[in-house]
2 protein chains.
Amino acid sequence: MDIVQQIRDKGLKATPARQLVYGELTRSHMAFSHAELEALFIDMDRVTLYRILKDFEDAGLVHKVFDTQGSTRFAICHHTCPGKHHAENHVHFNCNDCGKMFCLQAVQTPEINIPGGFKVAGMHTLIYGSCEKCNHQSETNFPVNKTDELIE
Amino acid sequence: MDIVQQIRDKGLKATPARQLVYGELTRSHMAFSHAELEALFIDMDRVTLYRILKDFEDAGLVHKVFDTQGSTRFAICHHTCPGKHHAENHVHFNCNDCGKMFCLQAVQTPEINIPGGFKVAGMHTLIYGSCEKCNHQSETNFPVNKTDELIE
DNA sequence: TAAGTAAATGCAACAATGTTGCGTTTAAGA
DNA sequence: TCTTAAACGCAACATTGTTGCATTTACTTA
């Protein structure tokens, strides 16, 4: 299904700005910060971008996550989220070196038991370390080749 | 060991403000936001509080965590952290109702395997739901008694 | 216990991130 | 193509955190 239709299906108008943002997010498994998107779409108004991300989140198109620095990031919802209540039951990986954040769709958040009177509703799992690209670069210590660009 | 000595042992001067902050943090297993501490110590300068928390973090006295809203919180390091590198291998619980955040010292972060070329350095586990107090209040629906104040 | 000094504080100013109000423009259905 | 609610662009504001600098204070040592 095309991008325009996916946006419209959520009751949102498929404006050019929204198509750009949604397109970028769907094309990768990355969680983007506002700053990253702003740098990508330099003509886009700052406030408009904030509102697009908020609207997408409310519509269940993207989910909001926080990286190891506490910065807000947005990533596409691959498993359709029912409205504002995001399942978001997968794990995120944050690279300490390049700062990029990956959605590991395939990895579910683990089960965990906690003591005390806590009623558990869900959990966030954020793994950090080195992503493949950075990892590889630091080991080999010479410029990586073009194929590495395809990893993400 | 007393608070003054613990602060001095990290090479920091045990000023009144630092004693107040460190005292509050040690007395509970809670992770405090800057705003919560500011409300607690109304005469304390905003910037001073920021610097105290930063100094404590650098010294390994407290660790920084982020709650489900992405807000920064600080909690005491119960297992002595070597300088800036915090072990912080325990789980945190964030109450959706009262917003408070608890350090579950007894619960270690689970083991997890992830695919791809990621090199894992560590992980953050944040569980959310209802804390005992809020949980209990919503069930009973009448004012809780004084003993509930002791739960934390 | 007084003096010297590096560290900590308080204040003002600034920076980054996010929100709100409002007038203008535009997507999409009639 | 017309209409209109939704989205946008801009300015202003709010919150959170940082930096520079002059003043004060905790701790050392004499």
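FYI, side chains are in, hydrogens and waters are out, and symmetry mates aren't considered; it's all heavy atoms of this structure. Quick note on labels: first sequence line is chain A, next is B, and so on, each numbered from 1.
Ion pair Arg18(B)/Asp55(B) flagged as a salt bridge, since at least one NZ, NE, NH1 or NH2 atom sits closer than 4.0 Å to an Asp/Glu carboxylate oxygen. Electrostatic pairing of Lys54(B) and Glu57(B) does not count as a salt bridge here, judged by no charged N lying under 4.0 Å from a carboxylate O. Salt bridge status for Glu36(A) with Lys100(A): absent, with no side-chain N to carboxylate O gap under 4.0 Å.
Between the P atom of dC8(D) and the CD atom of Glu38(A) lies a distance of 15 Å, rounded to the nearest Å. Taking atom CG of residue Asp58(B) and atom P of nucleotide dA7(C), one finds them 14 Å apart after rounding to whole Å. Distance Asp9(B) CG to dA26(D) C1': 16 Å, rounded to the nearest Å. At whole-Å resolution of the value, CG in Asp67(A) and P in dT17(C) are 11 Å apart. One atom, CD1 of Ile3(A), and another, C1' of dA27(C), lie 17 Å apart when rounded to the nearest Å. Nucleotide dT16(D) holds its P atom 19 Å from the CD atom of Gln69(A), rounded to whole Å. Residue Gln5(A) contributes atom CD, which lies 14 Å from atom C1' of dA27(C) at whole-angstrom precision. We find that CG of Leu37(B) is positioned 12 Å from P of dG17(D), with the value rounded to whole Å.
When the options Asn96(B), Asp97(B), Asn135(B) are evaluated for a side chain to side chain donor-acceptor pair (under 3.5 Å) with Ser130(B), the one that passes is Asp97(B).
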Dot-bracket for DNA chain D, please, read 5' to 3', with Watson-Crick or G-U wobble pairs under 3.5 Å on both distances, ( ) within the strand, [ ] crossing, | other strand, . unpaired.
||||||||||||||||||||||||||||||
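Look at Tyr50(A) and you'll find a side-chain N or O under 4.0 angstrom from OP1 or OP2 of dG18(C).
At a cut-off of 3.5 Å, with distance as the only test, no side-chain donor of Gln6(B) or Asp2(B) sits close to an acceptor on the other residue.
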For nucleotides 8-13 of chain C, read 5' to 3', which letter fits each nucleotide if B means a protein heavy atom sits under 4.0 Å from the base, S means only the sugar-phosphate is that close, and - means neither?
SBBBB-
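Listed for the Thr26(B) side chain is a donor-acceptor partner under 3.5 Å among the backbone atoms of Tyr22(B).
Between Ser71(B) and Arg8(B), the residue anchored closer to the 5' end of DNA chain D is Ser71(B), taking for each the nucleotide with the nearest heavy atom.
Side-chain contact between Val91(B) and Phe93(B) is absent, with no heavy atoms from C-beta onward closer than 4.5 Å. Side-chain contact between His63(A) and His92(A) is present, with heavy atoms from C-beta onward closer than 4.5 Å.
With a 4.5 Å cut-off between side-chain heavy atoms of Ile, Leu, Val, Met, Phe, Trp and Tyr, the cluster of Val65(B) takes in Met101(B), Leu126(B).
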